[in-house]
Visitor: 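Mind looking over this structure? Questions follow.
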Amino acid sequence: MAVGATMRIVTKSGGNQVKGSFTSDMQPKRLNDSNIPGGTPADQTIYQYSGTVGGPVILDRLWYFGSYRYIRQTNGISRSASDLATMRIFEPDFQPFSVHNPTHQLMAKASFQAAPSDHLTFTYQYNRTLTRNNGNVAYWTEERALGSTREAPCSAAAGGTCSAAGRRSR
């Protein structure tokens, strides 16, 4: 026996009047509190700004709609005093850090009504989230998110030989 579900989702379209909206949601860090004596809280800071606009290009025939959302989110990592002490055994200079996630979301839509029974829609959606680590920088994560690459350090254990410049060759 199988279980399933069917969903139909219709995104907003433009209309014969130009309309738009702007919203803002804010949760600053100072509104969070810690219940971990001597540690770091799992606090969260969120700033979210959204805007939409839609309207006609040709009345009763061609419409546009667009939306954009920017989210700046910082997540604190919960650590007790003993967690911090343990981390400092391995890394004496360890400083607690938070994870930063800026996000850009864009949606654009054009709708065309050729005839009462013919409707054509074009939709474009973009969502980019970068993850940045404030403390121990994980280069591979940041570089992959930004689309660049860095050559791996030369290691004889990885096979091949190393040049004086530290580049690997096979």
Side-chain angles (χ1 to χ4, degrees), residues 2-81 83-84 87 94-150:
V3 176
T6 302
M7 287 180 24
R8 177 175 240 190
I9 299 173
V10 179
T11 59
K12 187 167 174 96
S13 294
N16 281 330
Q17 295 179 3
V18 175
K19 292 184 181 180
S21 66
F22 178 79
T23 61
S24 175
D25 299 314
M26 295 177 225
Q27 178 185 332
K29 184 177 182 174
R30 67 180 179 270
L31 295 180
N32 294 279
D33 202 1
S34 176
N35 60 358
I36 303 172
T40 60
D43 56 9
Q44 205 174 47
T45 301
I46 301 172
Y47 293 96
Q48 177 177 305
Y49 308 97
S50 304
T52 65
V53 66
V57 176
I58 301 171
L59 285 176
D60 297 322
R61 287 281 193 200
L62 181 62
W63 304 271
Y64 68 92
F65 179 79
S67 67
Y68 175 76
R69 175 178 291 154
Y70 173 71
I71 304 169
R72 190 176 73 216
Q73 181 174 349
T74 302
N75 293 315
I77 300 171
S78 176
R79 297 180 186 94
S80 66
D83 290 340
L84 292 172
M87 291 190 177
F94 175 78
Q95 292 297 318
F97 58 90
S98 298
V99 177
H100 302 278
N101 297 308
T103 302
H104 299 273
Q105 299 171 342
L106 171 72
M107 197 272 288
K109 182 176 181 180
S111 304
F112 178 65
Q113 182 88 35
S117 61
D118 297 324
H119 193 85
L120 179 65
T121 301
F122 170 79
T123 304
Y124 174 77
Q125 203 163 359
Y126 175 83
N127 185 352
R128 172 129 185 176
T129 301
L130 300 176
T131 300
R132 294 198 176 117
N133 180 341
N134 241 11
N136 303 330
V137 178
Y139 289 105
W140 66 271
T141 303
E142 186 170 341
E143 287 175 353
R144 185 172 59 182
L146 296 174
S148 64
T149 59
R150 178 194 297 225

Visitor: Enter the distance from T103:OG1 to R72:CZ here, rounded to the nearest 0.5 Å.
Guide: 12.0 Å
Visitor: Can you confirm whether D60 sits close enough to Q113 that some side-chain heavy atom of one is under 4.5 Å from a side-chain heavy atom of the other?
Guide: no
Visitor: If every non-hydrogen atom of H119 is compared with every non-hydrogen atom of T121, which pair is closest and at what distance?
Guide: CD2-OG1, 3.3 Å
Visitor: Please report the closest heavy-atom contact between Q27 and Q44, naming both atoms and the distance.
Guide: NE2-O, 3.4 Å
Visitor: If you measure from CD on Q95 to CG on L84, what distance do you get to the nearest 0.5 Å?
Guide: 9.5 Å
Visitor: Kindly determine whether N75 and N101 satisfy side-chain contact (heavy atoms from CB on, under 4.5 Å), including the steps that lead there.
Guide: CA-CA 8 Å; N75 293 315; N101 297 308; 3.8 Å; yes
Visitor: What are the two closest non-hydrogen atoms of W63 and P56, and how far apart are they?
Guide: CD1-CA, 3.9 Å
Visitor: Distance-only, no hydrogens or angles: does the T52 side chain make a donor-acceptor pair with backbone N or O of S21 under 3.5 Å?
Guide: yes
Visitor: Please name the pair of heavy atoms, one in I71 and one in R69, separated by the smallest distance, quoted to 0.1 Å.
Guide: CD1-CD, 3.6 Å
Visitor: Backbone N or O of A114 within a donor-acceptor pair of the R61 side chain at under 3.5 Å?
Guide: yes
Visitor: Working to the nearest 0.5 angstrom, can you tell me the gap between M26 CE and Q48 CD?
Guide: 10.5 Å
Visitor: What verdict does the side-chain contact (heavy atoms from CB on, under 4.5 Å) test give for Y64 and V18, after you've listed the backbone C-alpha separation in whole Å, the side-chain angles of each residue and the deciding distance to 0.1 Å?
Guide: CA-CA 9 Å; Y64 68 92; V18 175; 4.0 Å; yes
Visitor: Between Q125 and N127, is there a side-chain donor-acceptor contact under 3.5 Å, judged purely by atom types and distance?
Guide: no
Visitor: Taking the side chain as C-beta and beyond, is there a heavy-atom pair between Y124 and L106 under 4.5 Å?
Guide: yes
Visitor: Side-chain contact, heavy-atom cut-off 4.5 Å: P28 with Y47?
Guide: yes
Visitor: How far apart are the C-alpha atoms of Y68 and Y49, what are their side-chain angles, what is the distance that settles it, and do they pass the side-chain contact (heavy atoms from CB on, under 4.5 Å) test?
Guide: CA-CA 8 Å; Y68 175 76; Y49 308 97; over 6 Å; no
